[in-house]
Number of protein chains: 2
Amino acid sequence: MRLTTKGRYAVTAMLDLAIHYDQGPITLADISARQEISLSYLEQLFSKLRKNELVNSARGPGGGYRLNRPADDVAVAEIIAAVDETVDATRCKHKGNCQHAERCLTHDLWCDLSDQIFDFLANISLGSLVKKQAVQDVARRQDKALPINGAEIGLKEHSVA
Amino acid sequence: MRLTTKGRYAVTAMLDLAIHYDQGPITLADISARQEISLSYLEQLFSKLRKNELVNSARGPGGGYRLNRPADDVAVAEIIAAVDETVDATRCKHKGNCQHAERCLTHDLWCDLSDQIFDFLANISLGSLVKKQAVQDVARRQDKALPINGAEIGLKEHSVA
DNA sequence: AAAATACTTGACTAAAACACTTGGTTTTCT
DNA sequence: AGAAAACCAAGTGTTTTAGTCAAGTATTTT
């Protein structure tokens with residue numbers, strides 16, 4: 001089983017997108033600054049997220065990324081799967097050929113555990129996370145620390161009128 | 001989060017011990033043959049298992065390892081912890097200092113997941129695994145493939161009378 | 001006492017995975 | 001035109017994994 005910063009970063013970035021959904025396309029530079037994830041690493045992750053149709057993108061100035069679906073319809077398990085992390089605790093990928101052609105002594109145990117973990121993450125949506133008070137608190141703290149883009153976006157919106 | 005062959009091997013070896021409990025001390029050579037785990041790697045693992053008082057050992061010919069407690073009282077979670085694997089999915093080890101001194105956006109999510117995994121593994125004992133039909137089937141297959149030591153132990157027990 | 005067997009310890013290592021970095025290209029807005 | 005952003009492909013240093021190897025210590029049998 002493997003659940004490392006790659007999967008965590010992907011979920012964090014997607015949550016950042018969900019939280020700032022009303023601000024239009026969000027640039028990776030913004031996410032990088034708020035969540036402290038290397039920009040080029042984010043690019044790699046978002047390439048996969050886009051291929052899995054979890055986000056859509058707009059190029060050029062004013063561009064960025066947006067959720068492709070309502071936050072309530074995006075499960076954490078999907079995000080982790082999209083960046084190629086598996087939540088599988090078996091060595092045989094559920095195939096049951098862990099010892100020669102047969103299953104090893106603990107095959108079923110790891111299968112059960114994997115299923116348990118997957119179910120947990122499949123039943124948590126980005127939307128449900130956004131609604132949590134603790135998440136809102138952290139988001140507010142992060143926005144306070146980096147109010148650069150709120151101002152810029154405000155300017156841009158006024159310039160239309 | 002990290003759950004690799006180290007933890008899996010440790011649990012598998014302990015389960016082997018539980019299954020062959022009635023045969024007296026089990027040598028690592030036997031476990032190595034049955035479970036196909038390198039002998040010196042097993043030595044490393046059992047060193048830790050012994051320090052955590054999950055097994056006890058007997059030296060000299062006829063020696064080996066035994067469970068230190070009834071199989072029903074040994075949780076899988078303990079075994080994994082004993083070989084230094086953590087089931088913790090957070091980057092901050094539950095401390096909440098994932099972003100500077102504060103918690104990151106997804107801190108609570110990983111905490112909840114970690115707790116879920118831990119609970120699952122803490123509530124599964126070696127004893128409950130031994131009782132499973134699938135485990136018994138695999139064990140019988142393994143014993144059939146390597147009947148060497150059953151014979152030796154039989155001889156030794158007769159020589160006492 | 002000697003030999004056989006079993007456990008202990010610590011150093012070492014090849015390969016893989018991780019977490020990026022570098023250096024671009026392309027598209028779009030102003 | 002120029003800047004801002006997404007997009008893409010390789011490369012890279014570090015850490016972890018999953019062991020191996022070598023030498024030694026302890027115990028029991030004969």
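Lettering of chains follows the sequences in order, A, B, ..., and the numbering in each one begins at 1.
- A side-chain contact (heavy atoms from CB on, under 4.5 Å) with Leu54(B) is found for exactly one of Val83(B), Asn68(B), Ile79(B), namely Ile79(B).
- Taking only side-chain atoms of Thr4(B), from C-beta outward, the nucleotide of dC20(C), dA19(C), dA18(D) with the closest atom is dA18(D).
- Across all strands, Ala58(A) comes closer than 4.0 Å only to sugar-phosphate atoms, never to a base (heavy-atom distances).
- Distances shorter than 4.0 Å separate none of the side-chain N or O atoms of Arg8(B) from OP1 or OP2 on dT17(D).
- Looking at the side chain of Pro61(A), the nearest of the listed nucleotides dA4(C), dA5(D), dT28(C) is dT28(C).
- Listed candidates were dT8(C), dT26(C), dA18(D). Nearest to the side chain of Arg59(B) is dT8(C).
- Within the nucleic acid shown, Phe46(A) has no heavy atom closer than 4.0 Å to any nucleic acid atom.
- For the pair Ser47(A) and Gly60(A), nearest-nucleotide mapping onto DNA chain D gives the more 5' position to Gly60(A).
- Computed from coordinates, the Leu28(B) CG to dG19(D) P distance equals 15 Å when rounded to whole Å.
- Among the nucleotides dC7(C), dC20(C), dT20(D), the one closest to the side chain of Ser38(B) is dT20(D).
- Donor-acceptor pairing under 3.5 Å, judged by distance alone, is present between the side chain of Gln44(B) and the base of dT20(D).
- Contact between the side-chain N/O atoms of Tyr65(B) and the OP1/OP2 oxygens of dT8(C) is found at a separation under 4.0 Å.
- The aromatic rings of Tyr65(B) and Phe46(B) sit tilted relative to each other, their planes meeting at an angle between 30° and 60°.
- Across dG23(C), dA18(D), dA10(D), the shortest atom-to-atom separation from the side chain of Lys6(B) is found for dA18(D).
- Of the inter-residue distances, the one linking Ser47(B) atom OG with Leu42(B) atom CG reads 12.0 Å to the nearest 0.5 angstrom.
- Here the C1' atom of nucleotide dA6(D) and the CD1 atom of Ile31(A) are 12 Å apart, to the nearest Å.
- Here the nucleotide nearest the side chain of Tyr41(A), chosen from dA26(D), dT9(C), dC20(C), is dC20(C).
- For Ser40(A) and dC20(C), the shortest distance from a side-chain N or O to OP1 or OP2 is not below 4.0 Å.
- We find that Asp108(B) and Arg103(B) are joined by a salt bridge, their nearest charged nitrogen and carboxylate oxygen being less than 4.0 Å apart.
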